[in-house]
Amino acid sequence: MGNCYNSLGEYSKAIKYYKQSLLIAQEINDRNGESNSLNNLGNAYTSLKDYSNAIDHYKQSLLIKRELGDGNGESNCLNNFSVVFLDLEQYRQAIEYLQHSLQIQSKLSQCKSGERRLEANAWINLGTALVKINRELDALGAYRNARELYQDMELEKEIKLCNNAIERLSQPKAPVIYRRGFWAWLRQLWRWVCSWFRQ
């Protein structure tokens with residue numbers, strides 16, 4: 001039920017069900033279920049832009065995933081942390097989490113489709129963060145890595161998203177003309193013309 005309300009954008013209702021799920025998982029000592037509920041709560045709080053609650057729930061989920069030795073779950077939590085830091089415009093922090101997530105993914109062998117999607121999502125988030133700190137060439141590589149993984153999974157919407165980002169970064173940059181600089185130059189030209197006619 002929580003996931004249904006979350007996908008409908010009714011995050012407060014989703015949180016109510018995720019909390020119930022968390023209590024049940026804790027009562028029956030289902031550590032994986034507990035971690036998943038905490039992660040889902042973090043996602044809902046992120047959607048509500050309640051970042052301190054999101055971070056708190058992601059931290060708890062991450063600790064359990066590490067305790068269980070669940071590399072994919074750990075990677076997913078790190079990716080979720082990066083989304084929070086992207087929203088907070090703390091791009092270097094987001095990059096650190098994404099790089100760690102990608103290191104875990106590269107260590108995991110025999111990636112299944114869902115795990116490859118997680119890796120692709122990490123690459124695309126990394127591209128977004130790199131653009132924000134003016135590392136366009138690195139971002140281009142990240143978007144290309146994401147696109148390759150999405151192509152392997154035949155996810156057309158995500159491929160298009162990557163292609164758009166790659167195209168945007170591949171466009172030559174237009175020279176920036178500063179209005180102030182232009183007017184200063186024009187005033188200087190006017191003074192020169194006026195002084196020339198006075199002679």
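As the structure is a computational prediction, the values presented were derived from the model and not from experiment. Side chains included, hydrogens not; waters and symmetry mates left out as well; all remaining heavy atoms used.
Interatomic distance, N40 CG to S61 OG, rounded to the nearest 0.5 Å: 8.5 Å. Summarising the geometry, atom CD belonging to Q105 is positioned 11.0 Å from atom CH2 belonging to W123; distances are rounded to the nearest 0.5 Å. A distance of 10.0 Å separates CD of E136 from OH of Y143, quoted to the nearest 0.5 Å. In this structure, SG on C162 lies 11.5 Å from CZ on R144, to the nearest 0.5 angstrom. L98 contributes atom CG, which lies 9.0 Å from atom OG1 of T128 (distance to the nearest 0.5 angstrom). Atom CE of M153 is separated from atom CD of E119 by 8.5 Å, given to the nearest 0.5 angstrom.
Judged by distance alone, the side chains of N36 and N39 never bring a donor and an acceptor atom under 3.5 Å apart. Donor-acceptor pairing under 3.5 Å is recorded for the side chains of Q60 and D56. K65 and N32 share a donor-acceptor pair across their side chains, judged by distance under 3.5 Å alone. With hydrogens and angles left out, the side-chain atoms of Y51 and D87 include a donor and acceptor closer than 3.5 Å. Side-chain N/O atoms of Y11 and N43 include no donor and acceptor closer than 3.5 Å.
Judged purely by atom type and a 3.5 angstrom limit, S37 uses its side chain to pair as donor or acceptor with the backbone of G33. In terms of modelled atom types and a separation under 3.5 Å, the side chain of S75 and the main chain of G71 share no donor-acceptor contact. With S82 contributing its side chain and A94 its backbone, the two residues share no donor-acceptor pair below 3.5 Å. Judged by distance alone, the side chain of T46 and the main-chain N or O of G42 form a donor-acceptor pair under 3.5 Å. Put simply, the side chain of H57 gets close to the backbone of N53: a donor and an acceptor are under 3.5 Å apart.
Under 4.0 Å is where a charged nitrogen must lie from a carboxylate oxygen, and between R31 and E34 at least one such pair does. One finds a salt bridge joining R117 and E158 here, because a Lys/Arg side-chain nitrogen approaches an Asp/Glu carboxylate oxygen to under 4.0 Å.
Counting heavy atoms from C-beta outward, N163 and E167 have side chains that stay 4.5 Å or more apart. With a 4.5 Å cut-off on side-chain heavy atoms, D70 and E74 do not count as touching. Looking at M1 and K13, their side chains never come closer than 4.5 Å, going by heavy atoms from C-beta outward.
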Residues F85, Y91; criterion ring pair (Phe, Tyr, Trp, His ring centres under 6.0 Å); working and verdict: CA-CA 6 Å; F85 289 108; Y91 305 117; over 10 Å; no
Full working for side chain to side chain contact (heavy atoms under 4.5 Å, CB included) between L126 and D138: CA-CA 9 Å; L126 181 61; D138 292 331; over 6 Å; no
Worked verdict on Y58 versus L38 for side chain to side chain contact (heavy atoms under 4.5 Å, CB included): CA-CA 7 Å; Y58 289 145; L38 289 164; over 6 Å; no
Step-by-step side chain to side chain contact (heavy atoms under 4.5 Å, CB included) determination, L63 to K59: CA-CA 6 Å; L63 288 173; K59 280 182 183 176; 5.6 Å; no
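Linking Ile, Leu, Val, Met, Phe, Trp and Tyr whenever their side-chain heavy atoms come within less than 4.5 Å leaves Y17 and L41 in two separate clusters. Y150 and L161 fall within the same hydrophobic cluster, where Ile, Leu, Val, Met, Phe, Trp and Tyr residues are linked whenever their side-chain heavy atoms come under 4.5 Å apart, directly or through other members. The cluster map of Ile, Leu, Val, Met, Phe, Trp and Tyr, joined by side-chain heavy atoms under 4.5 Å apart, puts L48 and V83 in different clusters. No continuous path of ILVMFWY side-chain contacts below 4.5 Å connects L62 to L22, so the two sit in separate hydrophobic clusters. Each of V84 and Y45 belongs to its own hydrophobic cluster when Ile, Leu, Val, Met, Phe, Trp and Tyr are linked at side-chain heavy-atom distances under 4.5 angstrom.
Across A139 and V131, no two heavy atoms sit closer than the pair CB-CG2, 3.5 Å.
Of the candidates L86, L130, L102, N125 forms a side chain to side chain contact (heavy atoms under 4.5 Å, CB included) with just one, namely L86.
Under a cut-off of 6.0 angstrom, the local environment of CD in Q171 is crowded, with over 12 non-hydrogen atoms contributed by other residues, nucleotides or ligands. With a 6.0 Å radius and a threshold of 12 heavy atoms from other residues, nucleotides or ligands, L137 has its CG atom at or below the threshold.
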